[in-house]
Amino acid sequence: LGLGQRARVISGHAERDLMEQLAVEEALLERSEQLLVFSISKGTRMAIPLEMVARLEEFQPELIEWSNDHEVVQYRGDILPLIRLANLFPNVEHSQTDANDKLHVIVHSSPNGRSAGLVVSRIIDIADTVLDLDVGTRSHGTMGSTVIQGRVTDILDAGEIVETAIPRFYDEPAKAGRHD
């Protein structure tokens with residue numbers, strides 16, 4: 001009977017341990033976020049929550065036009081302002097690009113229907129991760145840093161970046177109404 005009791009105790013402990021482990025894993029999954037990982041120059045890694053990404057696009061350089069001192073492209077019947085992220089981070093080494101290289105663009109949309117294109121060097125991956133930010137590394141344009149896929153990765157603060165590059169972006173509707 002002692003062995004039977006012991007077996008149940010051990011079994012009870014093992015079951016309890018398994019249940020605790022499953023609860024921890026479930027909690028981590030609930031906290032897990034999908035992030036789009038990208039670079040803005042050689043040696044940089046950044047990410048943005050996938051929920052802030054409307055689309056990924058590539059544009060030929062000859063499609064770039066200028067409006068009010070901003071680079072823009074015609075996009076889906078509208079004008080998409082472009083923000084070159086590498087230009088907004090002072091310590092980033094600017095990559096040499098060929099004039100014929102396509103622009104890799106993360107299209108970010110606001111709740112008011114406006115879109116802006118975040119120009120990046122390259123798209124790396126989509127990663128599921130628990131966002132455990134080191135906010136001590138926060139700087140203009142980032143929410144902090146974390147480790148994703150074994151590499152230190154800055155988390156882009158898209159709201160701050162877009163608002164800095166295009167003031168009132170989040171306040172104004174996508175298109176002004178017509179006044180006849």
Side-chain angles (χ1 to χ4, degrees), residues 28-76 78-111 114-170:
L28 287 176
L29 282 175
E30 287 175 7
R31 290 182 40 215
S32 180
E33 280 193 61
Q34 283 193 312
L35 301 171
L36 177 67
V37 182
F38 59 92
S39 69
I40 60 172
S41 72
K42 185 178 181 181
T44 64
R45 280 179 60 98
M46 297 188 93
I48 183 173
L50 202 53
E51 65 193 26
M52 300 186 84
V53 176
R55 295 183 61 85
L56 299 176
E57 297 288 351
E58 288 184 336
F59 296 107
Q60 294 293 341
E62 61 269 14
L63 296 178
I64 297 173
E65 301 180 65
W66 287 86
S67 174
N68 292 324
D69 296 328
H70 287 286
E71 287 183 295
V72 299
V73 292
Q74 295 179 39
Y75 178 71
R76 298 180 163 226
D78 207 350
I79 298 170
L80 181 70
L82 299 175
I83 302 166
R84 292 184 185 258
L85 293 180
N87 294 343
L88 301 178
F89 293 91
N91 296 327
V92 169
E93 178 184 318
H94 293 272
S95 302
Q96 295 295 332
T97 57
D98 189 317
N100 297 324
D101 287 348
K102 291 181 180 177
L103 266 66
H104 301 280
V105 177
I106 299 168
V107 179
H108 166 70
S109 292
S110 70
R114 293 189 71 195
S115 294
L118 307 173
V119 179
V120 302
S121 168
R122 73 184 177 104
I123 303 296
I124 297 172
D125 200 0
I126 293 176
D128 280 318
T129 190
V130 174
L131 200 52
D132 186 20
L133 282 178
D134 177 353
V135 294
T137 61
R138 186 187 191 308
S139 64
H140 173 72
T142 71
M143 294 186 275
S145 302
T146 192
V147 175
I148 299 174
Q149 299 169 332
R151 302 271 316 272
V152 174
T153 305
D154 294 327
I155 305 302
L156 185 73
D157 186 340
E160 183 178 7
I161 289 292
V162 173
E163 189 66 30
T164 298
I166 309 168
R168 299 180 311 279
F169 176 82
Y170 293 100

I'd like to check Ile106 versus Ile123 (side-chain heavy atoms, cut-off strictly below 4.5 Å). Are they in contact? yes
Is there a side-chain contact between Trp66 and Glu71 in this structure, where contact means two heavy atoms from C-beta onward sitting under 4.5 Å apart? yes
Evaluate Ile48 against Phe38 for side-chain contact (heavy atoms from CB on, under 4.5 Å), listing each step before the verdict. CA-CA 8 Å; Ile48 183 173; Phe38 59 92; 3.9 Å; yes
Asp154: what forms a salt bridge (Lys or Arg N to Asp or Glu O under 4.0 Å) with it, not counting sequence neighbours? none
For a 4.5 angstrom cut-off between non-hydrogen side-chain atoms, does Leu85 reach Leu156? yes
Smallest separation among heavy atoms of Gly141 and Ile161, with atom names: CA-CD1, 3.6 Å
Between Arg45 and Val152, which heavy-atom pair has the shortest distance, and what is it? CB-O, 3.8 Å
Residues Ile40 and Ala86: closest non-hydrogen pair is O-CB, 3.5 Å
Holding to side-chain hydrogen bond (donor to acceptor under 3.5 Å, both in side chains), I want the full list of residues that pass it with Thr164, two or more places apart in sequence or in another chain. none
Working to the nearest 0.5 angstrom, can you tell me the gap between Ile126 CD1 and Leu56 CG? 7.0 Å
Quick one, Glu65 with Ile79, criterion side-chain contact (heavy atoms from CB on, under 4.5 Å). Give me CA distance, side-chain angles, the key distance, then yes/no. CA-CA 10 Å; Glu65 301 180 65; Ile79 298 170; over 6 Å; no
Taking all non-hydrogen atoms of both residues, which atom of Gly117 and which atom of Leu80 are closest, and how far apart? N-CD1, 3.7 Å
Audit row: Thr142, Asp157, side-chain contact (heavy atoms from CB on, under 4.5 Å) steps and yes/no: CA-CA 5 Å; Thr142 71; Asp157 186 340; 5.7 Å; no
CZ on Arg114 to NE2 on His108, rounded to 0.5 Å: 10.5 Å
If you count heavy atoms of other groups shown closer than 6.0 angstrom to CD of Gln74, is the number above 12? no
Would you find a donor on one side and an acceptor on the other, under 3.5 Å apart, between the side chain of Glu163 and the backbone of Arg168? yes
I need the Asp101 CG to Gln60 CD distance, nearest 0.5 Å. 9.5 Å
As an exercise, state the distance from CE of Met52 to OG of Ser109, rounded to the nearest 0.5 Å. 10.5 Å
Of all the heavy-atom pairs spanning His70 and Ala165, show the shortest one and how long it is. CE1-O, 3.1 Å
Taking all non-hydrogen atoms of both residues, which atom of Pro49 and which atom of Leu35 are closest, and how far apart? CA-CD2, 3.5 Å
So, do Val162 and Ile83 sit near enough that their side-chain heavy atoms are less than 4.5 Å apart? yes
Could you check whether any side-chain heavy atom of Leu118 comes within less than 4.5 Å of a side-chain heavy atom of Val53, counting everything from C-beta outward? no
When rounded to the nearest 0.5 angstrom, what distance separates CE in Met143 from CG in Leu131? 7.0 Å
Please determine whether side-chain contact (heavy atoms from CB on, under 4.5 Å) holds for the pair Val120 and Met46, giving the CA-CA distance in whole Å, both sets of side-chain angles, and the decisive distance to 0.1 Å. CA-CA 10 Å; Val120 302; Met46 297 188 93; over 6 Å; no
Quick one, Tyr75 and Glu57 - any side-chain contact, counting heavy atoms below 4.5 Å? yes
Roughly how far, to the nearest 0.5 Å, is CD of Glu160 from CZ of Arg138? 5.0 Å
From CA spacing to verdict: side-chain hydrogen bond (donor to acceptor under 3.5 Å, both in side chains), Ser39, Thr44: CA-CA 5 Å; Ser39 69; Thr44 64; 4.8 Å; no
Val73 versus Val105: any side-chain heavy-atom pair under 4.5 Å? no
Check whether any side-chain heavy atom of Thr146 lies under 4.5 Å from a side-chain heavy atom of Thr129, and answer yes or no. no
